[in-house]
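Okay, so here's the structure we're looking at.
Proteins get letters first, then strands, A, B, ... in listed order; numbering begins at 1 in each.
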Number of protein chains: 2
Amino acid sequence: MLFSKAGEYGLQVVLHLAAGQHDGFVTVRELADRCDIPFHFLSKICGRLAQAGILHSSKGPAGGVCLARPATGITLLEVVQAIDGLDGFDRCVLGLEPCDDGLPCPMHDHWHRLKEGVLEMLSGRNLGELADDLLSGNTTLNKEKTPAG
Amino acid sequence: MLFSKAGEYGLQVVLHLAAGQHDGFVTVRELADRCDIPFHFLSKICGRLAQAGILHSSKGPAGGVCLARPATGITLLEVVQAIDGLDGFDRCVLGLEPCDDGLPCPMHDHWHRLKEGVLEMLSGRNLGELADDLLSGNTTLNKEKTPAG
DNA sequence: CCAATAATAGACTAAAGAGTCCGAAATCTG
DNA sequence: CAGATTTCGGACTCTTTAGTCTATTATTGG
């Protein structure tokens, strides 16, 4: 609805890393397993996040990825921007070409307010604060499948 | 971002019909031309809208489509539901499977409020009111391409 | 240096979304 | 009834997104 699958996965992983309190690198394989994300697909996503300066990465044994900066200095908006881009936020909700404050479509104003709300959701709190919510048990990233049977 | 292309087109057409003050049927061809939508694609969309009881349709010469009910009795939400469905509104914004008030993801609450806002945007006003905005010139559906050259 | 490990890059396949085409079936006009 | 018009339905192509596979490069440990 709001993000591509890659975007969803990227957000999950970044939150996982922020809440994980890992010292060094975590392998993409482990992230993929823990978050139930196709490994090769996640590799690409982490590549983009590394290129955007959100993750650090290291090859070889004891390598992997980790947050490139303190979690308190990273917002979800950066992550979304690195993966999905922010173009969607500039487009008319009806797909009309000339739709701005000058020539607004019937939903322009209302949608504009909602978009602001989304941007605020993505940039208002940093990864550290969200990680705190996770660690305190107020929220969760669990993606457990109900055990077979 | 929020709707599929088919959904966007459907909303455009329904708004166009509501604001058009047509007496009888309008051909899908004419709608496609006016709204700059691929004709065959729009045919399918109108088919769905007709099946959902939002449009009436008639074959043959002097045939076409028209709103099945007074515009004041139709909401955008119905249109979206008929074309895209409402499943997207039930899904977690991060794509997590168990994500509800009991086991919320870090964005659950915030996203829930925003979704309510979207639903309110789609159901809060009816087609008639939106058509009034269009007719009074406060809003527009214009999709003019800048003239070649 | 050698072997194992892990990210990186790119080609490839699969599935979904978007758009096209054609052959009905229905309906109006003459 | 004949022919033109228009919706309806399905099959089809094209593009994008999602996901897989393979080879390469860098790093670590022995």
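One finds no salt bridge joining A:Glu120 and A:Lys115 here, because no Lys/Arg side-chain nitrogen approaches an Asp/Glu carboxylate oxygen to under 4.0 Å. The pair A:Glu8-A:Lys5 counts as a salt bridge, with a side-chain nitrogen and a carboxylate oxygen less than 4.0 angstrom apart.
Whole-Å rounding puts the A:Phe25 CZ to C:dA7 P distance at 10 Å. Per the geometry, CZ belonging to B:Arg29 stands 17 Å off P belonging to D:dA4, to the nearest Å. Per the geometry, CG belonging to B:Asp84 stands 13 Å off C1' belonging to C:dA16, to the nearest Å. In this structure, CZ of B:Phe3 is placed 13 Å from P of C:dA18, rounded to the nearest angstrom.
Remark: the A:Thr72 side chain and the A:Asn126 side chain contain no N/O donor-acceptor pair separated by less than 3.5 Å.
In this structure, B:Val28 reaches the sugar-phosphate backbone alone: every heavy-atom distance under 4.0 Å involves primed, P, OP1 or OP2 atoms, never a base.
The distance from atom CE of B:Met1 to atom CZ of A:Arg91, rounded to the nearest 0.5 Å, is 9.0 Å. Of the inter-residue distances, the one linking B:Cys35 atom SG with B:Gln12 atom CD reads 6.0 Å to the nearest 0.5 angstrom.
Within a heavy-atom distance below 4.0 Å of DNA chain D, no residue of residues 12-24 of chain B is found. The stretch residues 39-60 of chain A touches DNA chain D through A:His40, A:Phe41, A:Lys44, A:Lys59, A:Gly60, each having a heavy atom under 4.0 angstrom from the strand.
Hydrophobic cluster membership differs between A:Leu15 and B:Leu103, with clusters built from Ile, Leu, Val, Met, Phe, Trp and Tyr side chains linked at under 4.5 angstrom.
For A:Tyr9 and D:dA18, the shortest distance from a side-chain N or O to OP1 or OP2 is not below 4.0 Å.
In terms of position on DNA chain D, the residue among A:Ser4 and B:Val65 whose nearest nucleotide sits closer to the 5' end is B:Val65.
The aromatic rings of A:Phe41 and A:Tyr9 stand perpendicular to each other, their planes meeting at an angle above 60°, with 30° marking the opposite boundary.
For the ring pair (Phe, Tyr, Trp, His ring centres under 6.0 Å) condition, no pair includes a residue of residues 105-128 of chain A, sequence neighbours left out.
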